Amino acid sequence: KSCSILVTDANFECNEENIMLQAMDNSHIALVSVEIGAPGFTSYRCDRTMPLGVDLTSLTKVLRCAKDENICTLKAADEADVLNLVYDAKSAFFSPFFFAFMWHGRDASSPFPPFFLLCSALLPLFIHLNISLSSQTPITSSWPETKYDTRVTLPSAEFTRIVRDLSQLGEHVRIEVSKEVVRISKLKAKSSAEDEDNDSIPTGVVIEMNQHVSLTFSLKYLVNFSKSGSLSGEVQLLMSNDVPLLVAYDFTQGYIRCYLAPKIGD
Amino acid sequence: TPVQNDLSEYFSLL
C-alpha cells in the first residue's frame, strides 16, 4: 500500500531467496526499494527467478479485502500471466465482499467492472498480472553501500507526525544534522543529562554524524514515505550532501527503503 | 524557491 502511493506499476522480482521490488515514481524524484525474504513467509517456493509485473493499485484493492486473521497465499504458475491470491478465511461464516478487480485477460488500464462476490476460502481471487518484460534497471544496488555522512534514527510515529504537521505549513523542509541537533522541527538527540527534564524532546532520537549535512526535501514525498511507518517502530534517515536521502524502514521479514532527490538552491 | 532535482542526477555516482 505504501508503495502504491508512489508507483502504480512495478515488477516483483521473485527468486529463491526473496521477493524484491524497485521502482521510481513517474517524475523520477523518488525510488522505492522493497525486499521481503523467504523466511518471512509461512512457506515459500520459487522454482525459477521471474519478474511479476503488477498493477499495485489493483493489488492494494484486492489485499484490502483480506482480514488480519486471513492467511494470504500468492501463486503464479510458470509462463503465467495471472497472479493468484487465495485467502484462507479462518471463520466459518462468509462475509460478502464488494470490490472490483481485474478479470483475467483484461488490459491493466481499463476500468474494472464492479463485482459483488460472496468470498469463500475456496474461491481463488484472480488479478490480471501484466508481466512487464522491461524490468527496471536496479539503481540502488550501490547506494546502500554508500557511506552516508549522517544517520538519524527516530521513532517512525514521530517522523510521521513531524512531516505531516510540517506539510501543513509548507512544501519543503530543510533537514540539517549536526552533532547534537537534527533541525527538522528542532529535534535534539537525548544525549546529555540536562535534556532529561525537557520532555518536549522525544526519546529514541539517535544521531550519528561524520560530517555536517544540510539538505532540502519535498514534504509531499516525505509524507508518502512515512505511510510505511506501520511496518517498523523506528525509521532511519541517511544523508550525505551529494546523494539522495534514504528513508529506511527495516522489519523482521525485510525492508522498505525510499530514496528522494533533494531540492537545490534557496 | 528551491528547485527539485531528479534521481537521474545521481546515476553517475554508480
Side-chain angles (χ1 to χ4, degrees), chain A residues 6-7 22-33 136-149 166-167 169-176 214-225 238-247 257-266, chain B:
Chain A
L6 286 164
V7 292
Q22 284 185 353
M24 275 191 282
D25 72 318
N26 296 333
S27 56
H28 287 194
I29 290 173
L31 181 135
V32 60
S33 174
Q136 297 202 346
T137 324
I139 59 165
T140 57
S141 51
S142 75
W143 276 337
E145 281 77 64
T146 304
K147 178 118 188 59
Y148 286 92
D149 293 335
L166 288 177
S167 65
L169 306 174
E171 287 180 2
H172 50 264
V173 65
R174 172 175 290 282
I175 301 182
E176 192 171 352
S214 176
L215 291 162
T216 302
F217 297 102
S218 156
L219 277 162
K220 180 185 81 169
Y221 281 93
L222 295 180
V223 170
N224 286 347
F225 293 171
L238 292 97
M239 277 174 278
S240 289
N241 281 311
D242 51 6
V243 293
L245 162 71
L246 165 55
V247 178
R257 290 176 183 152
C258 304
Y259 297 86
L260 177 61
K263 290 193 165 192
I264 47 176
D266 256 342
Chain B
T1 309
V3 174
Q4 178 64 58
N5 244 353
D6 73 40
L7 290 171
S8 54
E9 303 286 323
Y10 304 92
F11 290 166
S12 57
L13 293 178
L14 307 182

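These numbers come from a predicted model, not from an experiment. Chain letters run A, B, ... following the sequence lines, proteins first and then strands; every chain starts at 1.
- In this structure, the side-chain hydrogen bond (donor to acceptor under 3.5 Å, both in side chains) partners of A:Ser214, at least two apart in sequence or on a different chain, are A:Arg174.
- Separation of atoms CG (A:Leu31) and CG (B:Asp6) is listed at 12.0 Å; rounding is to 0.5 Å.
- Of all the heavy atoms in A:Pro262 and B:Gln4, the pair that sits closest is O-NE2, 3.4 Å.
- Contact record, A:Ile29 with B:Leu7: O-CG, 3.5 Å, taken as the closest heavy-atom pair.
- What you find for A:Thr216 and B:Pro2 is that their closest heavy atoms are CG2-CG, 4.1 Å.
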